Amino acid sequence: PVFAGMNGSAIENFSCVVYNIFLMNCTWQAGRQAPADTQYFLYWQNSRDEEEMECELYIKDENSRNMGCVFQNVSIGTEKAYFLVNGSSKDSLIQIYDEYIDLYKIEILTAPLNVTAHCTRDSAGCIITWHPPLTSHVRKAKCFQYEISIQNK
């Protein structure tokens with residue numbers, strides 16, 4: 001059963017971000033009622049067609065408890081990704097935590113590329129140009145909105 005296990009033993013504050021185009025970092029906190037020996041394990045599935053994968057590079061706390069994971073070579077698809085964190089303890093059953101996440105919503109985009117500014121003294125002012133940031137899923141430059149902050153006029 002989904003809710004089998006001791007109440008309060010499932011992880012809390014689960015959060016993931018995709019950054020540098022192909023990397024994903026997920027973190028969580030131990031359940032408030034989880035026994036001290038509880039160890040957590042993260043599995044994720046990018047789409048229904050792909051196989052479920054366990055984290056290969058766990059982030060550990062001072063007690064060597066898995067409290068996060070770094071994934072490499074992540075690709076952002078059109079389906080929601082499925083995440084599941086289960087736990088084990090010699091003292092009791094641990095509740096699972098699961099969530100569906102749209103990866104494009106948690107991507108931290110890189111800065112625009114090749115930013116240049118060409119300023120003249122006449123009334124034309126400055127012309128600022130750039131290229132869209134690198135991303136694993138956006139294919140059209142018109143999908144981006146930009147904001148320019150001019151610090152010194």
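Just the heavy atoms: all of them, side chains too, but no hydrogens, waters or symmetry mates, feed the values below. In this text, all values refer to a predicted model and were calculated from it rather than measured experimentally.
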[X]-[Y] side chain donor-acceptor pair, cut-off 3.5 Å:
X	Y	answer
Gln95	Tyr97	no
Gln33	Asn7	no
Thr27	Ser15	no

What are the two closest non-hydrogen atoms of [X] and [Y], and how far apart are they?
X	Y	value
Gly87	Ile94	O-CB, 3.6 Å
Gln39	Asn66	OE1-N, 2.5 Å
Arg65	Thr38	NE-O, 2.9 Å
Asp91	Pro35	OD2-CB, 4.0 Å
Pro133	Thr110	CB-O, 3.0 Å
Tyr146	Pro132	OH-CA, 3.2 Å

- Message: Counting only heavy atoms from other residues, nucleotides and ligands, does the tally under 6.0 Å from CD of Gln72 exceed 12?
- Response: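 Result for CD/Gln72: open.
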
Is the shortest heavy-atom distance from the side chain of [X] to the side chain of [Y] under 4.5 Å?
X	Y	answer
Glu54	Trp44	no
Leu103	Val74	yes
Leu84	Ile96	yes
Ile59	Met67	no

Any donor and acceptor pair, going by atom type alone, linking the side chain of [X] with main-chain N or O of [Y] inside 3.5 Å?
X	Y	result
Gln45	Glu50	yes
Asn46	Ser75	yes
Tyr58	Leu42	yes
Asn20	Leu23	no
Asp102	Tyr104	no
Arg32	Glu12	no
Gln29	Phe14	no

How long is the span from the [atom1] atom in [X] to the [atom2] atom in [Y], to the nearest 0.5 Å?
X	Y	atom1	atom2	value
Tyr82	Glu52	OH	CD	7.5 Å
Met53	Phe71	CE	CZ	7.0 Å
Ile21	Ile76	CD1	CD1	10.0 Å

- Message: With side chain to side chain contact (heavy atoms under 4.5 Å, CB included) as the criterion, how do Ile101 and Phe83 come out once you've worked through the C-alpha distance, each side chain's angles and the decisive distance to 0.1 Å?
- Response: CA-CA 8 Å; Ile101 299 174; Phe83 294 84; 3.9 Å; yes

- Would you call the rings of Tyr40 and Trp28 parallel, tilted or perpendicular if under 30° counts as parallel and over 60° as perpendicular? perpendicular

- Between Cys69 and Cys26, does a disulfide bond (SG atoms under 2.5 Å apart) hold up when you go through it step by step? CA-CA 5 Å; Cys69 179; Cys26 297; over 6 Å; no

